[in-house]
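This report refers to the structure that appears directly beneath it.
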Amino acid sequence: MSQFDDFPSDETESLLVDYPSMEAAATSYNSRGGSNGATYKNRRQSSDEELLDSVMSGGENLNRSAGFANKDLDPNRSHGSSTLMDTLDDLPPGIGQYEDFHTIDWLRDVARDRTRHRQVVKKKQDGCLQYLQGAHDAWSGWMCVLLVGVFAGALAGFIDIGASWLSDIKEGICRDAFWLNREQCCWSANDTTLDEERCSQWYSWAEMVGIRTSGGGAYIVRYMFYIIWGCMFALTAAMFVRVFAPYACGSGIPEIKTILSGFIIRGYLGKWTLLTKSIGMMLSVAAGLSLGKEGPYVHVACCCGNIFSYLFPKYGSNEAKKREVLSAASAAGVSVAFGAPIGGVLFSLEEVSYYFPLKTLWRSFFCALAAAFVLRAINPFGNDHLVMFYIEYNEPWYPQELVPFMLIGALGGLYGSLFIKLNIKWCRYRKSSVLGKYPIIEVLVVAFVTTLLSFPNPYTRMNTSEMIRMLVSRCGPEDTYDLCDYKRNFTDPKSYMSSTYAGDGVIRALWMLFLALIFKGIITVFTFGMKVPSGLFIPSMAVGAIMGRIIGIGMEQLVVAHRDSPLFKNMCQSECVVTPGLYAMVGAAAALGGVTRMTISLVVIMFELTGGLQYIVPLMLAAMASKWVGDALGRQGIYDAHIRLNGYPYLDNKEEFTHTTIAADVMRPRRNDPPLCVITQESMTLEQIETILKETEHNGFPVVVSLESQYLVGFATRKDLKLAIANARKNIDGVVSDSVVYFTNQIPSGGSGPAPLKLRKILDLAPVTITDQTPMETVVEMFRKLGLRQTLVTVNGRLLGIITKKDVLRHIIQLQNQDPDSILFN
Amino acid sequence: MNFNHLLLLLGVVASCLINTVTSEDSVPSKTSFEDARCKCVCPKFKKDDNGTVNEKTVYISPNADPNNCNCNFVVKFKDQQSCSMCECKYENRNTTTIKVVVIIIICVTSLLLIYMLFLLCLDPLIARRPGSSYQEHMDEDDQSVSQVPQFESGTRPRMGRQKSVINYVSNEQKRWKSTVQEQRRNIYDKHTMLN
């Protein structure tokens, strides 16, 4: 509030002048907010040490200090809230739930859970059964994340096996054991060193149709089969998504971020989405499209999290608590995607999660651990390394090399921001043009072009993660491909440990890698955002790894050619040691960092992914350089850019709010709007309230003492009101349209007329309130830190207006000179 | 045919297949797909400038056990010096897991394909037959399910007796269909999400 004094006085004055008119007009509000305080039990008595409680009472103080003059209401409040809780069970089910595309109220949900928890603890002394129930309640969080981790790990194992098998099906089949992919087919054969790593059991499609020679005919047949299979897989994936679960398309991380920030998208984490995404992921990766399955793993794991949370009502019925499980699940997703448990936890913390207390950190840790363990037990890669791109070398790196590392980092950042710009442009074009009407044809065309262009080049033909593995590893004795064609001196048994001059094969490989770089870089722009499950990690890492390897080979040749120059002297003691694989690794990190703008989690994922613990400094440097360059060229990472493109109501807690506006500027009603819809606490009839519900679309209604003196009493959400009224009409005798609805605790006795309806139970008695002079900086912080859904604006205790989360988002966008109507779902 | 039934069907099919797969396993199959191997990698090497370079660098033996997984057993070089440079590793894998997983995946995918074809081709034909009352009924049902789900719990015993299982299943399917239609509208028509 220190900035409060800094406001230009004329602005404040103009607002002060406006008060009377505003109060009298009591204009409209467009709230979609709602809050239910029915569950705040004994808040005063229990001095909970946690922040949220103190903040809630802080909100109350604010309320009172704003001049709550109605003295006889005060005892009612404390009394009311204590009697309230005993009758919590009477409330109709469904109270406190949210509708689709609504924002959740963290404060209310956390308070609701705390009440539930207190009841469980209190009952614990009652008997053995209750004690067991209490114990179950205590460990259900761990149990839930354990189940999520186990299931996510098993599913990842399934998908890994399936995807690698399906991708090899494009080229051929293991005739005697069709379920094996090429690597596994030749696993125990002693004749693997033929061209292109194939053995006698592996049959290409040309051989399967009977063309035994390796001439042009066989090549064309293989080419055709490659294209046909690729298009078929892509078509199937796109059709599955369209028919069974449209929500399964895309990477899912922008939506998960939005959901974790407190938004409801029903069905986004459902079982059909899980099934379709799992199968669709395999198919779209196998189609050879330039996309990865690592990002969608996060979505798949979150689906598991959502489904398993319904086994534990503590999590299933409380949206705020459910998000704790989802945070842990997203950690498990990355954990299984890369075999990087710690990286997964950090990814959840840095990139995905919104609200991440220490308890969630430990749960995420455990969840990631369980998932990684199960994946390891399934051992889909058929080797003993859990990590995907295991590097077996341990070469040193030298300080001079930091310059090329930095360069790679900067290039990665450049690529990242370029990619984001082009991809967003393309997605926007797809959204607004006829292209968006033909999603399946689009997928087919892109799949056709991708397979057509990627078959001739061996580096694009192979599975992308295989290519990255090849690029980050060192050329060993067993590698016979072009990239490792160095002019080695075979009389020296240690010749593989050092760098030498490149042979013709390396030059050829460099050309092919360069073409692959351009192809991958361009086609990924068009692929990401198509209506198939598609991740971004692997394609961007591939681009970076190719770039890094090319620079690495260049650096290697430079050092080898100038081994006597003072610049490289310390790198060449007896033999020069430059590891191009390390450059590829750094490049992968840089490009991924440029696209996603991750830093810590990226570095940790990279070293867990490769096992190269000693290369942390180069990786950190590249990640940092990439972030600097990327941020200089465009502020947002790809996920934030997609959130903005779709207009999800996501209040970014990384951005700073620096404008000097105040609450009165953002608050609804605006000056010329119709009056604010309020409900009075003891004078409205049921019919009047039903009319209000029918004629307006607001999602919550402030309750005031009377229309004349608009002193605030509380807040009731539309959904709760509707449910309670419907319930009362059905179950309580004597409630008719003329019944007076009371939100007070005591009902004046002896009144004539029909039976009154008491709705105090559904009323939130402690809505967070601010004054109209509160700077928006503070308001935005409140929305971010407390996870508010709406806040009421008062002056002198009188209700003036309301600010919802979407109002705040609109305001922020407006200040950035963008169209405020682009925010989704009003 | 809603999700649970699909899952049930899937489980039955999968368990049948697993049975056949595992029973097949008890019969000794061809030896080329072993679950263990010993892999030796030897660098290319020539003793002097006149010697020849060994072109083959990777040697795999499926019938070594962890104790004798070494160059002498696998590679059978004539001189000991060449052998000392080789690195041998004993590795394990589990082909049964791979087999089961791939077969399950094939089953799930083909089930989904069949169901998709059913939904795309046959279902519109079936839906057209009852005539105009279909749409109306669906709307009503949709409302009762999504608007006031809380009353279902109270009235379930009475309803449960009346409703047959088929009714329940078709209701579930209708609900699912309307959800998917809503999602499709958001994504493919209005382009409000997941662009």
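For clarity, every value in this text was computed on a predicted model and none was experimentally measured. Order of the sequence lines fixes the chain letters, A, B, ..., with proteins taken first and strands second; residue numbering starts at 1 for each chain.
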Practice problem: Output all residues satisfying salt bridge (charged side-chain N to carboxylate O under 4.0 Å, His left out) with A:Arg474, sequence neighbours left out; order by chain, then residue number. | Solution: A:Glu395

Self-check item: Check against side-chain contact (heavy atoms from CB on, under 4.5 Å), A:Met239 and B:Leu120
Solution: CA-CA 10 Å; A:Met239 289 297 286; B:Leu120 290 179; 3.4 Å; yes

Self-check item: Under 3.5 Å: donor-acceptor pair, side chain of B:Arg184, backbone of A:Pro246
Solution: no

Quiz item: Which atoms of B:Val41 come close to chain A, meaning under 4.5 Å heavy atom to heavy atom: side chain ones, backbone ones, both, or neither?
Solution: side chain

Quiz item: Is it the backbone or the side chain of A:Ser432 that comes under 4.5 Å from a heavy atom of chain B, or both, or neither?
Solution: neither

Quiz prompt | Point-to-point distance, once rounded to the nearest 0.5 Å, from CG of B:Leu194 to NZ of A:Lys531 | solution = 7.0 Å

Exercise. Can you tell which part of A:Met282 gets under 4.5 Å to a heavy atom of chain B, answering side chain, backbone, both or neither?
Key: side chain

Quiz item: Has A:Tyr438 got more than 12 heavy atoms of other residues, nucleotides or ligands less than 6.0 Å from its OH?
Solution: no

Practice problem: Evaluate the side-chain contact (heavy atoms from CB on, under 4.5 Å) criterion for residues B:Gln183 and A:Trp272: first the C-alpha distance (whole Å), next the side-chain angles of each, then the deciding distance (0.1 Å), finally the verdict. | Solution: CA-CA 12 Å; B:Gln183 294 183 8; A:Trp272 272 104; over 6 Å; no

Exercise. State whether the number of non-hydrogen atoms from other residues, nucleotides or ligands found under 6.0 Å of B:Lys190 atom NZ is greater than 12.
Key: yes

Exercise. Drop me the distance from A:Phe101's CZ to B:Thr192's OG1, to the nearest 0.5 angstrom.
Key: 6.5 Å

Quiz item: For the atom pair OG (A:Ser433) and NE2 (B:His191), what is the distance rounded to the nearest 0.5 Å?
Solution: 8.0 Å

Self-check item: Point-to-point distance, once rounded to the nearest 0.5 Å, from OG1 of B:Thr109 to CZ of A:Phe240
Solution: 6.0 Å

Exercise. For B:Asn186 and A:Tyr247, run side-chain contact (heavy atoms from CB on, under 4.5 Å): C-alpha distance rounded to whole Å, both residues' side-chain angles, the deciding distance at 0.1 Å, then the answer.
Key: CA-CA 10 Å; B:Asn186 281 339; A:Tyr247 279 173; 3.8 Å; yes

Quiz item: chain A heavy atoms under 4.5 Å from B:Asp35: which part of the residue, side chain, backbone, both or neither?
Solution: backbone

Quiz prompt | Distance-minimising heavy-atom pair for A:Phe244 and B:Leu112 | solution = CZ-O, 3.3 Å

Quiz prompt | Nearest-0.5 Å distance, CD1 of residue B:Ile105 to CD1 of residue A:Ile159 | solution = 8.0 Å

Quiz item: Checking heavy atoms, do the side chain of B:Ile187, its backbone, both or neither come under 4.5 Å from chain A?
Solution: both

